[in-house]
Amino acid sequence: MTPLELLTWARGPGLSIALAICAFGILLRLFEIFSLGRKADLSKAREHSPGSGWRTILSRSLPPPGLMKRAPVTYIGGYVFHLGFAITLFFFVPHIELVRGLTGLSWPGLPTQVIDISAVAGLLALIAVLASRLSNPVKRLLSGFQDYLAWLLTFLPLATGYLAFHHLLIDYTLALALHILSVELLLVALPFTKLFHTVSVFVSRWYNGDIFGRKGVAS
Amino acid sequence: MAHDAPTIAETLRRQGISRRGFLKFCATTASLMALPPSMVPAIAAALEKARRPSVIWLSFQECTGCTESLTRSHTPSIEGLILEQISLDYHHTLQAASGEAAEAAREAAMRENHGKYLLVVDGSIPLGNAGYSTIAGISNLDMLKETAAGAAAVIAVGSCAAYGGLPAALPNPTGAVPVSAIIKDKPVMNVPGCPPIPVVITGVLAHFLTFAALPELDDRGRPKVFYGESIHDRCYRRPFYDQGKFAETFDDEGARKGWCLFKLGCKGPVTYNACATTKWNQGVSFPIQSGHGCIGCSEPGFWDMGPLYKPLSMPIAPVQMMVGAAAAGGAIAGTAMAMRNRAAKKAAQAAHQKVTVDDLEKAK
Amino acid sequence: MPSTDSGAEHGNALPILNEIRHALARLLESGETSVIDLGALPMGPQDEAELLAALGEGEVEATINAGGPSSVRETAFHGVWLLTHRNEAGETLARFIEIAFVPELLMSQAEDVADSAAALAKKLGQAQNG
Amino acid sequence: MSASFERGYNAFKEVLDAPIASFFSSCVHCGLCAEACLFYTETSDPKYTPIHKLEPLRRAWQQEYTVLGRLAKLVGLAKPVTDAELAEWSELVYDSCTLCGRCSMVCPVGNDIAYMVRKMREGMSAAGHAPEGLVTATKRAIQSGSPAGVKWATVEATIKRVQKEFGFEVPVNRENADYLVLMSSWEILNYPEYLGAVGRILNRAGATWTLAQDAYEATNSGIQIGASDLARELVGRIVGAAEQLKVKCVISPECGHAYTAIRWEGPNLMGRPFGFEVKHILEVLDDLRKAGKLKLKGTLDKPLTYHDPCQISRRGGVYEQPRTLLNQLAPQFREMHETGTLNWCCGGGGGVSANERAESLRLTSFKRKKAQIEELGVKTMVTACANCRVVMEEALEHYHMDIEMLGLTELVAEHLDEGKPNE
């Protein structure tokens, strides 16, 4: 199999299989979660509450006062990684083309220099949060195989994409093929690992905001 | 190739070409071979010693496009000089002789120059049925094996000879294979392209002529000087890619301004060839300069590598159906799991025994 | 073949001009000459015109008739020469920018001088004999 | 019958719901909840990381309610939850969690960890892993009516003291009153001035009120230990009395968990909405103030601060009312650095104060509050939860800190303008 054949497989059957597993898994997991149900709360909710599920979906993206100082690596690393990853994912023109190919939606991209910076920032942040995971006693206690797997699966697309873009170490075609394959691995693993937080975070934040909100607290 | 044959430099001098003219020839040859101008002295030195080689050109499952390309090389005098310098002893499209006389010429060249002649092949070789392609009643496979046996080196010209090309496109009805699938005991150089750039063909011939050896090859048997970099990396429109400026259609403002053709399916990023610098038609232009993306014709299996007009990052096959089906499958499996979960939770609730204060501690 | 993107500027001339600047410095410092093959560079339709316009025209212009006409022209920048090799039919074979005090090809070659010396001697001998 | 692992594990299966499933699905092990938990910040022991306290519950969810977890369990790859593990986790679930919910406020993926700990305690108590102190308190609450063993006779003694001191009659079992006044054991035993204060304020406002002989105790050990069956029985006494006496509103006293028990969990435990309102005393005070029925005079002019009881503010939504009152009463009222819905717990909520086993950890965790007080430099702290007050008074003594503690209701009563009621 030549690199171009590998790339073709990745763009063709590989992508279809990965997206199919991802879609299957997300649906399955959502059913799994919602099937456990939630008893209607019979207590009288406050009429005028500053909080709500929808508010918390947004507000939890910001650090609560005081916590940034206590956990700077987690916050800054987390922000830089998520933003770097998101900018690279959603504003690199070839990625937009992929979305256009899948959904017909498209939007303007950013110059490659900007993408380059965001990808490098994302990679460095990932390394920083890994170092923190390995050295911080709390994170080390909490972390298991899945956490490191999720880290690797997130790191690989950025790393291979960077290698491909800059023609480093490996031939571009092979790098591009590996890049797409790494994204496919990410998609396959997404519903069944910690990576599912990309979907469930909206659910959990909503529940949190709703639980607090009905008591009159903006959480 | 007789030992008393004159060297190429001698031949040129006999034709009344001065040393200055020879150096000009060397400089243009260097340019042709995509070698840096600093190589001119080495080329001159090599040509002082180089002697006229015998060349046998075999055409198998091909369209003659490669030969057409070669004969339309934009440097007729140089290439003419080269073709004059080589002894093209067999080329069934170009030679005057035909039938038995032609085959006799091939056999004679093979005999006289055994171990020293250069074999050039265009077209792929069918393995499915020997009768799919024959010349003078000889199957392509037999003729290739027989002719390659005494060759110093083999040059596979064009994507068909190098990779199987169009005949090998799915479902590959003739079982077409490239030269390299058959010839394993000789140096085989691939000069892919559909067709290859004319000056690339003459360039590699010039290299063999000049240095009596094949140029440096990459891991896929291609001369590095021509195939070392991707079209994308040498493309004059590359700055637009970096700035995020793309033509969206073939007739929009971006297309008129000469912006990057990535979104229109350009395969430049994964295609390794010299088109962007060497160009075509007497150096006038190349596909991207003419407003059309690269189709990647010099890459293996390019015909089966997805739609020509879809960007590289786009999926090749429509995935909506499959993803939709998978999502439906996920919903069905999810519903089954949900029913199981509900039943399990109900069972747990049914198994609940009311907790009294006496139940807060384990029985001693 | 007409190009679709006329008039677009791609900025590919600028790196070449920079390369020429460095080559001039080397020439002055150590006498080292440089040659740039214009056929080996990524050039858009306007890039070459831009480059040539930037280089301008200088004081010297020569034609070499050897295996077709080659033009040798100094640009507005002394020491920067533009060489265009053509065949007998006048078609361009190759184009170079040479950074040198005198382009190599303008100088008479020792072999040719030797041949000429011999030829002149022979001619004189013939004249004396005749 | 008795507690057993099977009953506990069955309870896990009962309480796991969609919010918990989404919370466990979302957790990325970032460790930020630890930074919000005073048991971690004051000990630096990673085992006190809030989400870690739920590990057995998480595995129960995974192995019972997810496809992959079930598969893993089937092929023997899953680590089953064991009784020994639950025994080990007892300290984490009861001693090092006050259900204060501060972690629930900071979790970036929105996990309500306190909600989950409350649910996990259902299984822990059914499995017999509740700490002895809480078990004893719960038994006393069910059997004698109060976790501290306070009987009606004790209440009557308090009533007599109040009647003598303030000169008004304390109504008992009076029907159709506006308010049913509840107390916590602490208020009956340690702070009888609460009853006097409430009575004066309500009388001055012209409201009718009553105590109920069958429901004087507001606290609910069933909630703290995590046994809904018992919590239902306890809250049912109040609901029964309120309905029998046909009161309009039940006033939850200055006690955090009592408010959560009656106001938020009560209807869910009873399985029906209430026909009466439930309000915290601070809400009632604010209502009266708004209605012009609470006239105050004079101020307490010294530097003081307000400690938000977690269940009142963060978990209860009553955080503006005390500030409105204090701004009126105390010109030198100052806020601590982290306050309101992001306050730090006293360290004794969620049953921790009733859990003798947790005493040393509780005192260690108080260092957080101590640092807050010292940073602000005040000598007076007002609060609205008798449990917070007792816990902090003990800890202040332990650390030899000379800080005066006040109940907000008393403070209001002390500044009540007792001129003639508005005609």
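Worth knowing before you read on, the calculation uses all heavy atoms, side chains too, and leaves out hydrogens, waters and symmetry mates. Since the structure is predicted, the reported quantities are computational estimates derived from the model, not experimental observations.
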The interface call for A/Ile33 against chain B, heavy-atom contacts under 4.5 Å, is neither

Which atom pair, heavy atoms only, marks the closest approach of A/Phe165 to B/Arg238? CZ-NH2, 4.4 Å

Chain A heavy atoms under 4.5 Å from B/Tyr241: which part of the residue, side chain, backbone, both or neither? both

Check this for me: B/Trp303, atom CH2, are more than 12 non-hydrogen atoms of other residues, nucleotides or ligands nearer than 6.0 Å? no

Options B/Ala338, B/Gly324, B/Ala344, ranked by heavy-atom pairs under 4.5 Å with chain A, top entry: B/Ala338

Among B/Phe302, B/Phe246, B/Tyr163, which has the most heavy-atom pairs under 4.5 Å with chain A? B/Phe246

Please classify the contact of A/His167 with chain B as side chain, backbone, both or neither, using a heavy-atom distance under 4.5 Å. side chain

Is there a donor-acceptor contact under 3.5 Å from the side chain of A/Arg11 to the main chain of B/Ser313? no

Would you mind checking which part of A/Phe92 comes under 4.5 Å of any heavy atom in chain B, side chain (CB onward), backbone (N, CA, C, O), both or neither? side chain

Measure across A/Ser16 and B/Val319 and return the closest heavy-atom pair with its distance rounded to 0.1 Å. OG-CG1, 3.1 Å

Name the region of B/Arg220, side chain, backbone, both or neither, that has any atom closer than 4.5 Å to a heavy atom of chain A. side chain

Heavy-atom distance under 4.5 Å between the side chains of A/Tyr172 and B/Ser230, does that happen here? no

How far apart are the C-alpha atoms of A/Gln113 and B/Gln243, what are their side-chain angles, what is the distance that settles it, and do they pass the side-chain contact (heavy atoms from CB on, under 4.5 Å) test? CA-CA 8 Å; A/Gln113 289 85 346; B/Gln243 291 159 26; 5.6 Å; no

When rounded to the nearest 0.5 angstrom, what distance separates CE in B/Met337 from CG in A/Leu27? 14.5 Å

If you count heavy-atom pairs within less than 4.5 Å of chain B, which of A/Leu36, A/Leu98, A/Ile180, A/Leu110 leads? A/Leu98

Bottom line for B/Thr335: the part with an atom under 4.5 Å from chain A's heavy atoms is both

If you compare all heavy atoms of A/Gly37 against all heavy atoms of B/Lys345, which two are closest, and at what distance to 0.1 Å? O-NZ, 4.4 Å

Would A/Leu4 and B/Val270 count as a side-chain contact (heavy atoms from CB on, under 4.5 Å) here? Give the steps. CA-CA 8 Å; A/Leu4 192 60; B/Val270 294; 4.0 Å; yes

Looking at B/Ala336, B/Ala331, B/Ala333, B/Gly329, which has the largest count of heavy-atom pairs under 4.5 Å with chain A? B/Ala331

For A/Phe202, look at atom CZ and say whether over 12 heavy atoms of other residues, nucleotides or ligands are found less than 6.0 Å away. no

Find the one option among A/Ile21, A/Leu15, A/Leu176, A/Leu102 whose heavy-atom pairs under 4.5 Å with chain B are most numerous. A/Leu102

What residue in B/Gly244, B/Gly301, B/Pro300, B/Gly306 has the most heavy-atom pairs under 4.5 Å with chain A? B/Pro300

Applying side chain to side chain donor-acceptor pair (under 3.5 Å), run through A/Asp171 and B/Tyr272 and close with a yes or a no. CA-CA 10 Å; A/Asp171 159 70; B/Tyr272 291 77; 3.0 Å; yes

Main-chain N/O of A/Glu97 paired to B/Lys263 side chain as donor or acceptor, under 3.5 Å: no

Check each atom of B/Asp304 against the heavy atoms of chain A and say whether the ones under 4.5 Å are side chain, backbone, both or neither. backbone

Do B/Leu312 and A/Leu7 touch side chain to side chain, with heavy atoms closer than 4.5 Å? yes

Which atoms of A/Arg100 are under 4.5 Å from chain B, going by heavy atoms: the side chain, the backbone, both sets, or neither? both

Where does A/Leu19 contact chain B at under 4.5 Å (heavy atoms): side chain, backbone, both or neither? both

